[in-house]
Amino acid sequence: MTKKNVVILGSSGYIGNATLDVISHLADRFTVFGLSVHHNITLLSHQIRKFHPKVVAITDPVQASKFTPIHGVKVLQGTEGLIELATLPEVDIVVVAVSGTNGLYPTLHAIKAGKSIRIANKETLVGYGELIMPLVHQHNVSFLPIDSEHTGLYQLLNHKDSFKRLILTASGGIFHNRPIEADISPADVLKHPRWQMGKLITIYSSLMINKGMEVIAAHYLFGVGFDQIDVVIHPEAIIHAMVEFIDNSIIAQLSIPDMRLAIQYALTYPDRCTAIVKQLDLTKLTGLHFYPPDDKKFPALRIAYEVGTLKRGYPLVYVVSAEEATKAFLANKLRFTDIPRVITTMVESYHPPPTINLDTLQEVEHQIRHRTTNVIEDIIASYRN
Ligand SMILES: NC(=O)c1ccc[n+]([C@@H]2O[C@H](COP(=O)([O-])OP(=O)(O)OC[C@H]3O[C@@H](n4cnc5c(N)ncnc54)[C@H](OP(=O)(O)O)[C@@H]3O)[C@@H](O)[C@H]2O)c1
């Protein structure tokens, strides 16, 4: 079997590291051809010594200037470097595992270059899906999700005929069984019960912003209307996704919660291989529970349905305002309960540009980031009154 050359954009992050773990396990199938980090050049040096990539990219210019070259490894810089890395002729698969909307340009260019894309970076998919998905279809590239719920759906939709609705599960986060306290600290919210994740995504999960983004991502990935995508709370996080068919039978995808399974499936598709992930022992389960999401407690989920339906940059406003508000909360400036308030304010005051294209959406992102910061500052100022 010819080995496939994989590039991991964001190799220093949680998903990037998990992808390297999966590739170590499947070393007969995949070669790490390229890696990228933003700041973490120390980890990059370790990864170079262990995985021997041919090319790396460092997006932060200050860190790039501090990096000591390693013999035989080409070093690229900035977003331009990220794009070059994702489009080199030797590359077969591009894993987009950077955070925020930083995956936009490399993803667009990798699609145009005909690369197979494995996308974890849902902020880019949600914010710019209305540009990305037509390009995927136009270039007929392989475009698979890396996320437990979407991987589950991808497998289930092999029975695509006559399905009625897609069901994404949500663990419910720490507020499933307790009221949301306005003055809760970042450290308290970061104690997420089921999934090990980065800080931003853990906060998103606790407010169901992450689930909202997954609903929009499911719409783009599977071309399914929002009225056919449902969310149920499932605290055990054993069932990741379900598909209901017109005869009312439901097929579910189950596994222990471990992102490496989603990564492995995306890399080896359409094959299945033995995994490093532990087997699910059904006899040890004490129960599987399901609850409807509480719209009043978690307004961000309802807003995701609204912005997803509206498109025209609304999903981008959702992604960007959520990111800025969450960063302000993590910096101990904004109250937790004001995160959804910031998103609501930004979505309600948004006026889409007359035409939607890459330039106008980039301008929307720029403006919304700026205006969200002002809205956050006004809210913080009101705490002092
Ligand atoms: N964690 C999960 O369980 C999970 C599940 C599904 C999907 N996702 C999605 O996967 C993506 C990555 O999540 P994560 O949890 O792995 O995040 P993470 O641990 O914060 O890692 C983010 C990665 O992006 C890089 N990065 C940060 N800023 C950048 C910039 N301006 N330009 C280029 N690269 C930049 C980071 O580099 P440095 O480390 O050098 O700063 C790091 O490699 C996110 O979009 C997230 O929503 C995550």
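Atoms within a ligand are numbered from 1 in the order they appear, just like the ligands themselves.
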Which heavy-atom pair separates [X] from [Y] by the least distance, and what is that distance?
| X | Y | answer |
| --- | --- | --- |
| Gly129 | Pro134 | O-CD, 3.8 Å |
| Pro293 | Val231 | CD-O, 3.3 Å |
| Ala325 | Leu334 | O-CD2, 3.6 Å |
| Leu35 | Val32 | CD2-CG1, 3.5 Å |

Side chains of Arg118 and Thr19: do they bring a donor and an acceptor to under 3.5 Å?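 Absent: no donor and acceptor within the cut-off.
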
Residue [X] vicinity, atoms of ligand 1 by number, heavy atom under 4.0 Å:
| X | answer |
| --- | --- |
| Glu123 | 44 (C), 45 (O), 46 (C), 47 (O) |
| Ser12 | 36 (C), 37 (O), 38 (P), 39 (O), 40 (O), 42 (C), 43 (O) |
| Lys122 | 6 (C), 7 (C), 45 (O), 47 (O) |
| Met259 | 3 (O), 5 (C), 6 (C) |
| Gly13 | 16 (O), 18 (P), 19 (O), 21 (O), 42 (C), 43 (O) |
| Gly198 | 15 (O) |
| Asp147 | 5 (C), 6 (C) |
| Asn121 | 45 (O) |

Ligand 1 contact on Ile201 by region, counting heavy-atom pairs under 4.0 Å: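 Looking at Ile201 and ligand 1, just side chain atoms fall under 4.0 Å.
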
### Query
What orientation do His289 and Tyr291 show, parallel under 30°, tilted 30 to 60°, or perpendicular over 60°?
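Plane angle under 30°, so parallel.
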
Taking only residues two or more places apart in sequence or in another chain, which ones pass side chain to side chain contact (heavy atoms under 4.5 Å, CB included) with Lys54?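 So Lys54 forms a side chain to side chain contact (heavy atoms under 4.5 Å, CB included) with Phe33.
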
